[in-house]
Q: 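Mind looking over this structure? Questions follow.
Note that ligands are numbered from 1 as they come in the structure, with each ligand's atoms numbered from 1 the same way.
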Amino acid sequence: MATILRNTPEGIGRAAVELRNGAVVAVPTETVYGLAGHALNEKACRFIFEIKGRPLIDPLIVHIAEYAQLHELAEVPEDILPMLKNLWPGALTVVLPKKACVPGIVTAGLKTVAIRMPKHPVMRALLQEIRLPLAAPSANPFGYISPTCAEHVQKHLGEKLGFILDGGACEIGLESTIVNLSNPEEWQILRHGPVSSEVIAPCLPERKMLSPKESVISPSENSGQIAPGLLDRHYSPKTPMFLFSGFPADTVRAFSRAAVVFLKRSNQSGLEHAEVFWFSEDGSMESIAHNLFSLLRKLDEGGYDALFVEVPDGFGIGLAINDRLRRAAAKR
Ligand code: TXA
Ligand code: MG
């Protein structure tokens, strides 16, 4: 099992020492937990892929604390700086042309690099102490539900890790929005997330908005390359999962032990073999996002024959929730 490092100067200091020495450490962010390594150390980044079981064709996000690091890692167009000043630190990842110092393993050979300045105070303290950029994918085995607390990481990757830095439950609970800004004339959402296109669009008045990528993408310079955050099946429980809007009574009855998950508190009854849950008391998209992955994980361990999950309308962060649920329920 991994040693859990507490949110103290000593815990953060130990994580920094391990990372500087090339180890992989699980770290908290406001979106989901990450599996971090020194981004400019090729060997450390290779460990990340090995521990996660992630194919080398799937590039990593690089996390920074200072704007100087952004300019060291990427070519930064002037027109995006006001947007970054507005939305960073936060749940927005930008894809920009990379500089030579970024190892090819981080970007899966692409000429672009994905960068984010996270907001979580523990992650910020760590980044400020270590003064290095940290590459980090979500700290889940490849394809499984993302982790939103230290226990989730311990459960699935604890055997493969030395240390997990515990920053409590992730406030947002959904991965960052990824936006491609590598073409100076355009912008495009590559992955829906907490920062919606309605927030981004007014920040980039000179650029043309391309419609969001909705399925497997092929970055133009690498034919056949895919961005696995956009794989049709991802974030998936092992238990068969079905989506509904409205109430799926007849289908639920076909299973001897099903879990039915509503978006908000429900008094639905009349299903003998089903247990009823909800993501949120009040149905706010923020609270649904916050509980989404942790409830799916809990139900996946509950011994059910099937999970029936209500999907929200796709607007704002609801679009990101909708996207994650559709991929989680997608067939292999
Ligand atoms: O909130 C988050 O973004 C979390 C926390 C830990 O920061 N990280 C995260 O990383 O979700 P990951 O590896 O699970 O998802 C990163 C996605 C991948 O699907 C990858 O394809 C895409 O970012 N990506 C990375 N670099 C890219 C690039 N140069 N071009 C296009 N997509 C890229
Ligand atoms: Mg992920």
Q: Which part of D58 is near ligand 1, with near meaning a heavy atom under 4.0 Å away: side chain, backbone, both or neither?
A: side chain
Q: Can you list the atoms of ligand 1 that are under 4.0 Å from a heavy atom of A114?
A: 25 (C), 26 (N), 27 (C)
Q: Exactly one of W278, F247, F277 should register a ring pair (Phe, Tyr, Trp, His ring centres under 6.0 Å) with F262. Which one does?
A: F247
Q: Salt-bridge test for R46 and E42: reply yes if a basic N is under 4.0 Å from a carboxylate O, no otherwise.
A: yes
Q: Heavy-atom contacts with G34 under 4.0 Å: which atoms of ligand 1 show up? List them by number with element.
A: 6 (C)
Q: Using heavy-atom distances, let me know which of E175, H63, K98, H120 sits nearest atom 7 (O) of ligand 1.
A: H63
Q: Heavy-atom pairs closer than 4.0 Å: do any link ligand 1 to the side chain of R54, the backbone, both, or neither?
A: side chain
Q: Within the structure, does S138 bring an N/O atom to less than 3.5 angstrom of an N/O atom in ligand 1?
A: yes
Q: Can you list the atoms of ligand 1 that are under 4.0 Å from a heavy atom of S176?
A: 1 (O), 2 (C), 3 (O)
Q: By number and element, which atoms of ligand 1 are closer than 4.0 Å to a non-hydrogen atom of T112?
A: 28 (C), 29 (N), 30 (N)
Q: For the residue pair D282 / S287, report whether a side-chain donor-acceptor contact shorter than 3.5 Å exists.
A: yes
Q: Within a distance under 4.0 Å of any heavy atom of P137, pick out the atoms of ligand 1 and give their elements.
A: 10 (O), 12 (P), 13 (O)
Q: Does an N or O anywhere in Y33 fall below 3.5 Å from an N or O of ligand 1?
A: no
Q: By number and element, which atoms of ligand 1 are closer than 4.0 Å to a non-hydrogen atom of I178?
A: 17 (C), 22 (C), 23 (O)
Q: When you look for heavy atoms under 4.0 Å from ligand 1, do you find them on the side chain of L190, its backbone, both, or neither?
A: side chain
Q: Do any of the N/O/S atoms of S138, backbone or side chain, fall under 2.8 Å from the Mg ion (ligand 2)?
A: yes
Q: Give a yes-or-no answer on whether the side chains of K52 and S138 include a donor-acceptor pair shorter than 3.5 Å.
A: yes
Q: Among A136, P28, A74, which residue places a heavy atom closest to atom 8 (N) of ligand 1?
A: A136
Q: Find all atoms of ligand 1 within a distance of less than 4.0 Å from any non-hydrogen atom belonging to T31, and give their numbers and elements.
A: 1 (O), 2 (C), 4 (C), 5 (C)
Q: Which bit of I61 is near ligand 1, meaning a heavy atom under 4.0 Å away: side chain, backbone, both or neither?
A: side chain
Q: Do R265 and S280 get their side chains close enough for a donor-acceptor pair, meaning under 3.5 Å?
A: no
Q: Salt bridge or not for R297 and D300, using N-O below 4.0 Å?
A: no
Q: Looking at ligand 1, would L110 count as a contact under a 4.0 Å heavy-atom criterion?
A: yes
Q: Are S182 and T112 close enough that a side-chain donor and a side-chain acceptor fall under 3.5 Å?
A: no
Q: Salt-bridge test for E175 and R324: reply yes if a basic N is under 4.0 Å from a carboxylate O, no otherwise.
A: yes
Q: Dump the intermediate steps for side-chain contact (heavy atoms from CB on, under 4.5 Å) on M285 and F279, then the final yes or no.
A: CA-CA 10 Å; M285 289 298 150; F279 288 119; over 6 Å; no
Q: Pairs of nitrogen or oxygen atoms closer than 3.5 Å, one from R191 and one from ligand 1: do any exist?
A: yes
Q: Looking at R207 and D79, does any basic side-chain N land under 4.0 Å from a carboxylate oxygen?
A: yes
Q: Please determine whether a side-chain nitrogen of the Lys or Arg among E50 and K160 lies less than 4.0 Å from a carboxylate oxygen of the Asp or Glu.
A: no
